[in-house]
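Comments concern the structure below.
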Amino acid sequence: MTLHSEDIQMNIYQCGDEAAKLLPVSFDEWEDRARKQLAAAPFGYVYGAAGSGDTHQGNVDAFQKYRLRPRVCCDTTKRDLSISIFGCKFPVPFLLAPIGVNTILHPEGELAPAKAAAKSGVPYILSNVSSISLEEVAKEMGESVRWFQLYPPKDHELTKSFLHRAEAAGFSAIVVTVDSTLLGWRETDLRNAYLPFLTGQGMGNYFTDPVFCSKLKESPEKNVKDAALKALEEGNNTCFTWKELDFIREHTRLPLLIKGITHSDDAIMALEHGVDGIIVSNHGGRQLDGAVSTLDSLPSICESIQNKIPVLMDSGIRRGADILKAIALGASAVLIGRPYAYAMAVAGEIGVREVINHLIAETELQLAISGRSSIQDVDKTLIIKVK
Ligand code: FNR
C-alpha cells in the first residue's frame, strides 16, 4: 500500500470552509458527533466503562507520562510504517480491535469496519459477539487479513465449532479474550437498562452455529431472549483456567493470541501454555474498575517476554503519538477500539476508513517529524518519562 500522509493532510487544508462540513478529524470530535447521532443507550454502551471509569481514564492519562524526544537532521523522505507478525507483513502498526454488537451503531454492523479494513489493508479482528456471522464477514473481506476473537465458551463442542468455522472461513489467527468471563459493573448500561444481546443483536455467530442451536429448547426465531441468555451463559465462563487455554491450543492450528493480560506473571504463564502472541489490554477499562493502565503494564510484560513472541497492546490509543509511544515501550503493534466505533456510528464504512487514513497519515508524519523513517527505528530512545 502506498501511503500519502502529506496528500491526506493537504486535501483537508484545501477544503477551506468546506472542511467544517466534512467528517471529524480528532477523536474528541468523532466521540462528540457519535454522542449527538446515537440514542443515549448505544452511545453509552461504547462510551461507558466499569465502575467509576478510573481504568478508562487511566489508560488515556498514562500516555501523558511519556514525551517523544525527536532527533533532527535525519533524512526521512522515505518512510515505512510496515510491521511483520507471524511472518505476515502488515502495512501499518495497528489493527482494528474486536468490538461486538455493531448493529447498535450502524445498520451494516461489522460489515462496515470489515470493508474499511479490507480496503486499507489493515487487519480486522472480528468479535465473537458480532451481529453479522463470521462467514458473512469473511465473504465481504475476500483475501484480506482477518483474525477471529473468541470469548471461550464453557462448552468444548461449541469452542471447537467456533474454531473450526473461523479456520474454514479464512481467519488467520485466534484471539482468546480472557478478561471478560464476567461482565464488568457498567453503570451507564445499568442506568439505561441496556444489554443489546437480549434482543438478539451480537448473536451472529451463536445463532448460526449448529452446535449451539442443537442445544436450545426453542430456536432463536421462536425465543430470542432464551437463546441470547444461553449464549451469555456460555460466555460467563468463570471456570476458565490455563487448562482450558490448553484445550483451545490443542484444537487450532492457527496462531493463538491471548487478550486481556496486564500482569507479567500471566504473560509468562501464557507463553508457557503455548500462545503465539500477547495482547496487553484491560478491555478499554470496561471490566475491572481501578485497574492498572495498559501503557503502565507494557514495559514489564515486554521485559518478561524478551521478544520471544509479539506483544500487542490496546486501551487508550487515540492518535499517532500514542502509537509511537506504545511501540517505543516494546509493543509490536496496537489495536484501535473506540475511535473506529464512533466513526462507524457517524458514517459507517466511510467513517472507519477516514479514521484509518487519518491515523496512518498522522503516524507517518509523527514518525518523520521525530526523525525516524521506519517503525523498526522506533525504540526506547524515542521517549522520555516525565512524570
Ligand atoms: C470492546 N472490546 C471487546 N473486546 C473483545 O475482545 N471482544 C469484544 O467483543 C469487545 N467488544 C467491545 C465493545 C465495545 C463497545 C468496546 C468499546 C470495546 C474491547 C476492545 O477490543 C478493546 O480492548 C478496547 O476497545 C480498547 O480500549 P479503547 O482504546 O477503545 O478505549
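In listed order, ligands and their atoms are each counted from 1.
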If Ile, Leu, Val, Met, Phe, Trp and Tyr residues are connected whenever their side-chain heavy atoms lie under 4.5 Å apart, and connections chain through other members, are L298 and V292 in the same group? no

Does a salt bridge link E157 with K160, judged by any charged N lying under 4.0 Å from a carboxylate O? yes

Salt bridge check, K380 against E303: does any charged N sit closer than 4.0 Å to a carboxylate O? no

With respect to atom 14 (C) of ligand 1, which of Q149, Q287, R286 exhibits the smallest heavy-atom separation? R286

re atom 25 (O) of ligand 1, the protein heavy-atom contact at minimum distance is G337 CA, 3.7 Å

Considering only non-hydrogen protein atoms, determine which one is nearest to atom 11 (N) of ligand 1 and report residue, atom name and distance to 0.1 Å. G100 N, 3.2 Å

Does E354 offer a backbone N or O that forms a donor-acceptor pair with the side chain of N357 under 3.5 Å? no

Just to confirm my output: which protein heavy-atom neighbour is closest to atom 21 (O) of ligand 1, and how far is it? P98 O, 2.7 Å

Closest non-hydrogen contact found for Q149 with S127 is OE1-CA, 3.3 Å

Here the atoms of ligand 1 under 4.0 Å from any heavy atom belonging to V129 are 9 (O)

Tell me the nearest of Y151, Y342, F27, Y340 to atom 7 (N) of ligand 1, using heavy-atom distances. Y151

Taking non-hydrogen atoms only, is S281 closer than 4.0 angstrom to ligand 1 via side chain, backbone, both or neither? side chain

Structural part of R338 in contact with ligand 1, heavy atom criterion under 4.0 angstrom: both

Could you name the option among S127, G235, G48 that has the heavy atom nearest to atom 9 (O) of ligand 1? S127

Donor-acceptor contact below 3.5 Å, side chain E110 vs main chain N102: yes

Compute the shortest N/O to N/O distance between A97 and ligand 1 and return yes if it is under 3.5 Å, no if not. no

Assess whether a salt bridge exists between K230 and D226, defined as any Lys/Arg side-chain N lying under 4.0 Å from an Asp/Glu carboxylate O. no

So which bit of T177 gets within less than 4.0 Å of ligand 1, heavy atoms only: side chain, backbone, both or neither? side chain

So do the side chains of L324 and T363 get within less than 4.5 Å of each other, counting heavy atoms only? yes

Starting from atom 22 (C) of ligand 1, locate the nearest protein heavy atom and write down its residue, its atom name and how far away it is, to 0.1 Å. D314 OD2, 3.3 Å

Decide whether an N or O pair under 3.5 Å exists between K259 and ligand 1. yes

re atom 24 (C) of ligand 1, the protein heavy-atom contact at minimum distance is G284 N, 3.7 Å

Is the shortest distance from a heavy atom of L335 to ligand 1 less than 4.0 Å? no

N/O of G316 under 3.5 Å from N/O of ligand 1, yes or no? yes

Is any side-chain N of the basic residue among E31 and R35 closer than 4.0 Å to the acidic one's carboxylate O? yes

Is it true that R249 and D276 make a salt bridge, defined as a side-chain N closer than 4.0 Å to a carboxylate O? yes

Among all protein heavy atoms, pick the one closest to atom 13 (C) of ligand 1 and tell me residue, atom and distance. I99 CG2, 3.7 Å

A side-chain contact here means heavy atoms from C-beta on lying under 4.5 Å apart; do L134 and S130 qualify? no

